[in-house]
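To start, the structure under review is shown below, and the notes come after it.
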Amino acid sequence: MLCIIIIFANRMSEYNFSEIEKKWSEHWQCHSQYAVSEELSKPKYYVLDMFPYPSGAGLHVGHPLGYIASDIFARYKRLKGFNVLHPMGFDAFGLPAEQYAIETGKHPAETTNNNIERYKSQLKNIGFCYDWSREIKTCDPKYYKWTQWFFLKLYNSWYSDDTNKAEPIESLILQFEKGKKNSYEKPWNELTELEKQNEISKYRLAYKSESYINWCQALGTVLANDEVVNGLSERGGHLVERKLMSQWFLRITKYADRLLQGLETVDFAESLKEMQRNWIGRSEGAEIDFKIDLLQDDIIKVYTTRPDTIFGVSFMVLAPEHAIAEKITIPQKSKEVADYINYCKTRSELERKSEIKDISGVFTGAYCIHPFSNKKLPVYISEYVLTGYGTGAIMAVPCGDSRDHTFAKKFGIEIINIFENTDVSFQAYEEKSGIITNSKSEIISLNGLNINDAKNKVICEVEKRGIGCRKINFRMRDAGFSRQRYWGEPFPIYYKNGLEYAYSLEDLPITLPQVNSYKPTGDGKSPLSAIENWVNLPGGFERETDTMPGYAGSSWYYLRYLDPHNESEFCSKKNSDYWNQVDLYIGGAEHAVGHLLYSRMWCKVMFDLGYISFDEPFKKLVNQGMIGGEVFYFYYNQEKREAYSNNLPIDKSNLLQFKVPNEYVSDEETFEENGITSFCNEFIQFKDFKFLKSNNTFTFEKAITKMSKRLRNVVNPDEIIAKYGADTFRMYEMFLGPIEMDKPWNTKGIDGVSRFLKRLWSYCIDENGKYIPDESKPCEESLKTINRTIKKISDDIEKLSLNTCISNFMICFNELQSQKCKSTEIFEKYFIILSPFAPFIAQEFWHKAGKQDSVFNCEYPEIDEKYLLDDTFNYPVSVNGKTRTLIQFHKNAIQADIEPIVLSDEKIKKWVDGKSIKKFIFVKGRIINLVIE
RNA sequence: GCCCGGGUGGUGGAACUGGUAGACACGCAGGACUUAAAAUCCUGUGGCUUCGCGGCUGUACGGGUUCAAGUCCCGUCCCGGGUACCA
């Protein structure tokens, strides 16, 4: 009986995280602890996470990394007196759900909602302070009604170069009516409706045009880039080719300059800004017309950023898609050219850009005329020239461009050098400085000019002659906004007789109809096109059957959180004025260009149209790194039917690799007991294999990759939380390393954090569950410790250096422990600063300490500056840069005080050993260094 | 290919603006407690060398700048992300 009581008492005193976490979760939910409203009396702060796509694999330990960081920051800001908005939602339209629907026939809405529920319960386990009453799902018609509304705003707007902003399309029509030139060169009111539409279409921010897609004839569908591997479909390995299709686009290029300028006003990592700048790719150059030999009426217009190199041109290159390519090809070459163009259709843009070591191309047999020298220049077609950039044609300068150089070498074309004092016989001279030479004709001479002056002279000359002009170009293209898919927002557009009509706000949302099959229609159209009673409208009208891409909903979601239940507006002006920009946005660097550029553009459009009063959505952005999962491989020989342990001395170069699902791998990274047998039961292709071991173990090669369902290396946070608790999980994720760095997941290290919280618990709570710290006066040392920790933690949170925060909590507690500190005055401060990291245990301590209110309603403790400074500093003293000893000096000591003491120090005397001292370096508060011979 | 990151003990990582490399943890080794194990606590722990004091060496690799380099500069290698329809 006694025994039982003792055991019971012991159990009472243990840190029972599951009980504590359950209790406070329920308590906070009942008291709507995290609901926020627009409190004008407090300064606001908006902390946002990039919302997840709810995949079928569930949340893995990589997702919460950023969420935990932002949660800590949100809770910290709250302690600092801010009214903090911290919402969460789901990016719920997407390809995987549709693919799953094709395979299983289950409606994507159903699977998506199941996945969302799973994600939500997983997120709720981790103790985030999200205001769930503001949750959004992009696939919810109540949400996508407004995504469609945004589309209509883009559709019904144009970019005015006069006012340099987006304006309603009516102002454009008014200008046309007043006589603004149109491309039909007829008065506006004499144009047909179709002509008017075509003309306006050239201005709309959302417009229809043609572009290439990945078409797979065998699957009868359009494929996403990542569904294409080496020119073949990932599923089935069928041939994929590029096909021209009519699609919706967003005219983001009109915002290129403002997207560049806006970067100066936001706090993003410099590297990320650089990526965006490169993506936008602003370049200054010229368009120059080249006459074609034997063809009177046509010209080839090239874009070049290096007009200064015009005398270095020795050939011309057209993109395979260039409209004139076939026309100029001479009959003897037409078969060869047609074959080459067909080959290019099977090549992805990525392949075309990257595989330039062995550059391909074909001669058309045609020649251009050099505008200044009248020299004949052969015209080639090559895939390294892309149709979407510039004019789709280049003047090739092998002496100044490495791709042109490679091409010239391969096709035996002359390399003309025009740079003074350079040798271009082996590689191109690509520096942006130098003097031009060998560049003279009857018309112009560039000899002796530097590159910039030569550029200007050439541009002036071509402009004077009317054969070209100065031109600013962007690498960025207008954003493709159509998908031939079911699971996306339908366009609020319908047609009749080739004319487009837009729905109005009252008609929204245009909801997705039920379909019987999610399979592609085989003709490249979306599955929606097969539903006749949805497509066909009364009066002979037909709906648009494409849907919007995944980034549509995510381009504006940060605004919907501000007013999520508003049914008459996407967000009231009052709310968007109060919450304003996102103050801190945390998410993966993989969205560096796509999502971030689109949402920045949409924000600017809404700003231009007066719906919001800021033109950058995200004030500060932090990119979290990826948490990789472990994958284990073994090598095998198919013919010999042998598999080899990694610790055998084998030559892996001719062997095949096999990834083993992680459940077969033991903690020692070998096959589990009987693992080989059960492995072969699943992967029967290895049934008759010999598994060759070394030292009686079969070990694997390890690598770190993305966690994915397919590799079966997903680590589920639920399991970790069940075993260690949410507080430990949160702290451990932060303890792993700097937030923005990629890192591998390894559960082994979690014991350190777990032990820390257990030690803290048993230090503060006795066997009977009573709170130990008392009213005793803290000692000087403990006051130093806690004040320094408060300072360090708040400095580090502001920098989002959360891994060092965890270390400092440990260091602080280790110090308090060795000081035998029992003062509740100290510990209460400690619990407050700990609460953003480990909210449950902090609240439990707070409660045990007899406090009635919540630890989250406290104020962040003040720092008493007097405890931060030391009177003395332990100077490292080095001789010739190598530290030899430490000597303590007063912090105000100057070199004159210090020098004699240092020189008479025994250790230092030994190292100086009578040699003369050339220099005595004293850096106050840092170091002393003696330079001797 | 191009653009952007990263590379520090057996492992995750720390190191302010160039100023004691390896904080804080994990793991491992030894010890205490226990009949035993687990848990917990204590000690040690980059490598080489030395009985020890100590010495040498060391931040992917090769150079450079500096009194002083993980940190700055030049070159190389490897790994990750993006490359426009994965999200």
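Residue numbers start from 1 in every chain, and the chains themselves are labelled A, B, ... in the order their sequence lines are given, proteins ahead of strands. Hydrogens, waters and symmetry mates play no part in the numbers below; they use all other heavy atoms, side chains included.
Residue contacts for V923(A): at a heavy-atom cut-off of 4.0 Å it reaches a base atom on one of the strands shown. Heavy atoms of I213(A) sit under 4.0 angstrom from at least one base atom. Note on H595(A): nothing from the nucleic acid sits closer than 4.0 angstrom, heavy atoms only. Among the atoms of the strands shown, base atoms are found under 4.0 Å from some heavy atom of N929(A). Residue R755(A) is in sugar-phosphate contact alone, with no base atom involved, counting any heavy-atom pair closer than 4.0 Å across all strands shown. Within the 4.0 angstrom heavy-atom criterion, no nucleotide atom of any strand lies near G550(A). As judged by a 4.0 angstrom heavy-atom cut-off over every strand, L272(A) is placed among residues making no nucleic acid contact. If you check every strand for non-hydrogen atoms under 4.0 Å, P52(A) touches nothing. Within the 4.0 angstrom heavy-atom criterion, only backbone atoms of the sugar-phosphate kind lie near T883(A); the bases stay farther away. Residue W745(A) is classed as having no contact, given no heavy-atom separation below 4.0 Å to the nucleic acid. Here S482(A) lies in heavy-atom contact (under 4.0 Å) with a base.
The gap from the P atom of C42(B) to that of C24(B) amounts to 13 Å, rounded to the nearest Å. Between U66(B) and C53(B), the two P atoms lie 37 Å apart (nearest whole Å). To the nearest whole angstrom, the two C1' atoms, one in G64(B) and one in A15(B), are 24 Å apart. To the nearest whole angstrom, the two P atoms, one in G22(B) and one in C74(B), are 29 Å apart. For the C1' atoms, the distance linking U65(B) with G12(B) amounts to 34 Å, nearest Å. The gap from the C1' atom of G80(B) to that of C28(B) amounts to 30 Å, rounded to the nearest Å. For the C1' atoms, the distance from A14(B) to A25(B) is 11 Å, rounded to whole Å. One C1' atom belongs to C16(B), the other to U11(B), and the distance between them is 26 Å to the nearest Å.
For A14(B), one of the phosphate oxygens OP1 or OP2 lies less than 4.0 angstrom from a side-chain nitrogen or oxygen of N803(A). Taking side-chain N and O atoms only, N623(A) has no distance below 4.0 Å to OP1 or OP2 of G81(B). Contact between the side-chain N/O atoms of K882(A) and the OP1/OP2 oxygens of U57(B) is found at a separation under 4.0 Å. Distances shown here put every side-chain N or O of R477(A) at or beyond 4.0 Å from the OP1 or OP2 atom of A84(B).
When distances are taken from the side chain of Q247(A) to each of C86(B), C85(B), A25(B), the shortest belongs to C85(B). The side chain of P744(A) lies closest to G13(B) when the candidates are G55(B), G81(B), G13(B). Out of U83(B), G19(B), C4(B), the shortest distance to the side chain of M275(A) is found at C4(B). Between C24(B), A87(B), U83(B), one nucleotide has an atom nearer to the side chain of L350(A) than all others, and that is U83(B). Of the candidate nucleotides G80(B), A87(B), A25(B), G80(B) has the atom lying nearest to any side-chain atom of D742(A). Taking the side chain of S271(A) as heavy atoms from C-beta on, and the options A15(B), C4(B), C26(B), the nearest nucleotide is C4(B).
Rounded to an integer number of Å, the gap from CD of E740(A) to P of C4(B) is 18 Å. The nearest whole Å value for the distance from the CZ atom in R403(A) to the P atom in G1(B) is 14 Å. With rounding to whole Å, Q276(A) atom CD is found 15 Å from G5(B) atom C1'. For the pair E227(A) CD and C85(B) P, the computed distance is 13 Å after rounding to whole Å. Rounded to whole Å, the distance from CG on L802(A) to P on C24(B) is 20 Å. The distance between atom CG of D751(A) and atom C1' of C26(B), rounded to the nearest whole Å, is 8 Å. N880(A) has its CG atom 8 Å from the P atom of A68(B), to the nearest Å. Going from atom CE of M731(A) over to atom P of C24(B) covers 16 Å, rounded to whole Å.
With both pairing distances under 3.5 Å, G22(B) is matched to nothing as a Watson-Crick or G-U wobble pair. With a 3.5 Å ceiling on both atom-pair distances, the Watson-Crick or G-U wobble partner of G1(B) is U83(B). The partner of A15(B) cannot be assigned: no Watson-Crick or G-U wobble pair with both contacts below 3.5 Å exists in any strand. The partner of A29(B), taking Watson-Crick or G-U wobble pairs whose two distances both stay under 3.5 Å, is U43(B). Remark: A68(B) base-pairs with no nucleotide in the shown strands. Criterion, Watson-Crick or G-U wobble with two distances under 3.5 Å. Look at C77(B): its Watson-Crick or wobble partner, with both distances under 3.5 angstrom, is G7(B). Across all strands shown, nothing is found opposite U35(B) as a Watson-Crick or G-U wobble partner with both distances under 3.5 Å. Under the Watson-Crick or G-U wobble criterion, with both distances below 3.5 Å, G52(B) is left unpaired in every strand shown.
Using modelled atom types and a 3.5 Å distance limit, the side chains of S283(A) and N473(A) yield no donor-acceptor pair. Under 3.5 Å, the side chains of T147(A) and W556(A) contain a donor-acceptor pair of N or O atoms.
Ion pairing of K748(A) with E630(A) is absent here, as no side-chain N (NZ or NE/NH1/NH2) approaches a carboxylate O to less than 4.0 Å. Salt bridge absent: R352(A) and E349(A) never bring a charged side-chain N and a carboxylate O closer than 4.0 Å. Under the 4.0 Å criterion applied to side-chain N and carboxylate O atoms, K799(A) and D796(A) are assigned as salt-bridge partners. Ion pairing between E270(A) and R277(A) holds under the 4.0 Å rule for side-chain N and carboxylate O.
Base orientation of G9(B): syn (glycosidic angle within 90° of 0).
Under the ring pair (Phe, Tyr, Trp, His ring centres under 6.0 Å) rule, Y732(A) has a single partner from F837(A), W745(A), F756(A), Y724(A), which is W745(A). Exactly one residue among D751(A), L757(A), V753(A) makes a side chain to side chain contact (heavy atoms under 4.5 Å, CB included) with R755(A). That residue is D751(A).
The 5' end of RNA chain B is approached more closely, in terms of each residue's nearest nucleotide, by L736(A) than by the other of L736(A) and V753(A). Between S807(A) and I921(A), it is S807(A) whose nearest contact on RNA chain B lies nearer the 5' terminus.
Side-chain atoms of E98(A) and base atoms of C86(B) include no donor and acceptor less than 3.5 Å apart. Remark: the E274(A) side chain and the C3(B) base include no donor-acceptor N/O pair separated by less than 3.5 Å. The base of C3(B) does not come close enough to the side chain of R475(A) for any donor and acceptor atom to sit less than 3.5 Å apart. Taking only distance into account, the side chain of N278(A) never meets the base of C3(B) through a donor-acceptor pair shorter than 3.5 Å.
By the 30° and 60° cut-offs, the orientation of the rings of Y119(A) relative to F90(A) is perpendicular.
The backbone N or O of S360(A) sits less than 3.5 Å from a side-chain atom of S382(A), completing a donor-acceptor pair.
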